[in-house]
Structure formats: structure tokens, C-alpha cells
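Predicted model only: the values in this text are computed from it and were never measured.
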Amino acid sequence: MAIPAVTTEERALIKSYLLLMFIHKVFERDCRIIQESGVFKSPQLYVEVVGNGAKRAAVLLREVKQEFTKRAIKVYDIGQNQDGIHARYACRGYIGSVNILWPSFREEMLDRMRAYLGLVSLETDSSEQAHPPAAVSAR
């Protein structure tokens, strides 16, 4: 019997996992840089804002990992090169790979980071600014 192909939802989970991993690392690095730079008069305020974004990303990352367990998904061999992000995965016995080019990866990363920080994208119109977007769910 043939193994069913990886579903669109499972691919979206894998993509979310990669995005959340990178977002969390960026937030953590930014917190460290803000604290250590000595440039800010009150770094604790900025660290708190960015730290809250990191916490939101960590919660979502944990939820994605729980979903991975339920669906028998493992992501490994994650790397990056001049073209973008690449990773290999196993899903219900099916082995595959994913490649995401930098422009689309960065764009989605920034959109999600804005949401996790409680910011509104510059591309939204004024009616959307009255109701900021909720954090992107990985499900």
C-alpha cells in the first residue's frame, strides 16, 4: 500500500516550525544585543517588548512540536544558504524536503514578528489598524 502524501496542512506545520525557530532565535538575539549594547537609556523596556514576542513564538513553537508528535512528523537537517532555508523531514514514514527562498521567508517572518510584538503592518489600511491582527496560529 502506498504511503499517503504529505498534506497541505502538514506542509504548513513544517513551514511554521521553521519560521518559529528562526523568529525565536532572532528575538532572543535582539534581546541580548539590546541589553549588552549600552546604547539605550532604558533597555529593560525594549527587552520586555521583544522578550514578550519571544515568549509568544516559544508558545506557538511548543504547540507545533506537540502537533508534530501527534502526526509523526520530524524535521531535521535544517540549514540555510544564499538562496534560502532548507530542511529535510519525515512525515508518517514519508521522507521529503522543503526549500523556502529568502524573500518569501523574510516577508512572512516579519509579518509574524509584527503580530507577536503586537504591531500592525504598514500595509494594512486604517480600518484594520483599529483591530490589530491576532498572533498567527500554527494549526
Side-chain angles (χ1 to χ4, degrees):
M1 181 174 158
I3 298 170
V6 177
T7 67
T8 303
E9 189 176 348
E10 289 164 337
R11 283 191 188 101
L13 276 171
I14 293 166
K15 183 178 179 183
S16 282
Y17 174 78
L18 294 171
L19 284 159
L20 287 164
M21 276 190 36
F22 277 82
I23 288 168
H24 190 260
K25 285 180 185 177
V26 168
F27 280 151
E28 291 292 318
R29 187 201 66 215
D30 289 353
C31 281
R32 211 171 31 258
I33 289 171
I34 291 168
Q35 285 175 324
E36 296 170 359
S37 71
V39 175
F40 295 89
K41 291 269 187 198
S42 51
Q44 64 276 14
L45 295 174
Y46 298 98
V47 169
E48 184 177 337
V49 170
V50 177
N52 285 337
K55 287 177 188 172
R56 288 185 186 109
V59 167
L60 292 171
L61 186 56
R62 188 170 38 252
E63 289 175 3
V64 169
K65 287 179 179 180
Q66 289 170 348
E67 197 63 30
F68 274 12
T69 302
K70 289 179 192 173
R71 295 172 181 251
I73 299 173
K74 291 186 182 190
V75 177
Y76 56 95
D77 240 3
I78 301 168
Q80 50 187 312
N81 60 26
Q82 64 193 30
D83 297 326
I85 303 297
H86 56 89
R88 294 178 43 84
Y89 62 85
C91 179
R92 293 178 281 106
Y94 178 80
I95 304 295
S97 64
V98 61
N99 295 298
I100 308 170
L101 298 177
W102 281 122
S104 64
F105 193 81
R106 281 191 188 113
E107 183 179 345
E108 187 160 352
M109 238 179 98
L110 289 175
D111 286 345
R112 287 183 179 216
M113 288 171 79
R114 281 185 190 98
Y116 304 156
L117 292 172
L119 304 175
V120 178
S121 174
L122 297 175
E123 299 172 355
T124 59
D125 65 21
S126 59
S127 66
E128 289 178 358
Q129 290 178 359
H131 305 287
V136 178
S137 175
R139 292 185 194 184

Trainee: SG/C31 to CD/E48 distance, rounded to the nearest 0.5 angstrom?
Mentor: 10.5 Å
Trainee: Measure the acute angle between the ring planes of Y46 and F40, then classify it against the limits of 30° and 60° as parallel, tilted or perpendicular.
Mentor: tilted
Trainee: Should Q80 and F22 count as side-chain neighbours, where that means a heavy-atom distance under 4.5 Å?
Mentor: yes
Trainee: Got R112 and S16 here, is their nearest side-chain heavy-atom distance under 4.5 Å?
Mentor: yes
Trainee: Could you walk me through whether W102 and I85 satisfy the side chain to side chain contact (heavy atoms under 4.5 Å, CB included) test, starting with their C-alpha distance in whole Å, then the side-chain angles of each, then the deciding distance to 0.1 Å, before giving a yes or no?
Mentor: CA-CA 7 Å; W102 281 122; I85 303 297; 3.3 Å; yes
Trainee: Ring-plane angle category for Y17 and F68, please: parallel below 30°, perpendicular beyond 60°, tilted otherwise.
Mentor: tilted
Trainee: Hey, are the side chains of E63 and E67 touching, using non-hydrogen atoms and a 4.5 Å cut-off?
Mentor: no
Trainee: State, with a plain yes or no, whether a side-chain heavy atom of T69 is found less than 4.5 Å away from one of K65.
Mentor: no
Trainee: Atom CZ in F27, atom CG in N52: separation rounded to 0.5 Å?
Mentor: 10.0 Å
Trainee: With side chains defined as the heavy atoms from C-beta onward, is the minimum distance between K25 and M21 less than 4.5 Å?
Mentor: yes
Trainee: Partners of R32 by side-chain hydrogen bond (donor to acceptor under 3.5 Å, both in side chains), sequence neighbours excluded?
Mentor: none
Trainee: To the nearest 0.5 Å, what is the distance between CG (D30) and CD (Q35)?
Mentor: 11.5 Å
Trainee: Rounded to the nearest 0.5 Å, how far does CG of L60 lie from CG of L19?
Mentor: 11.5 Å
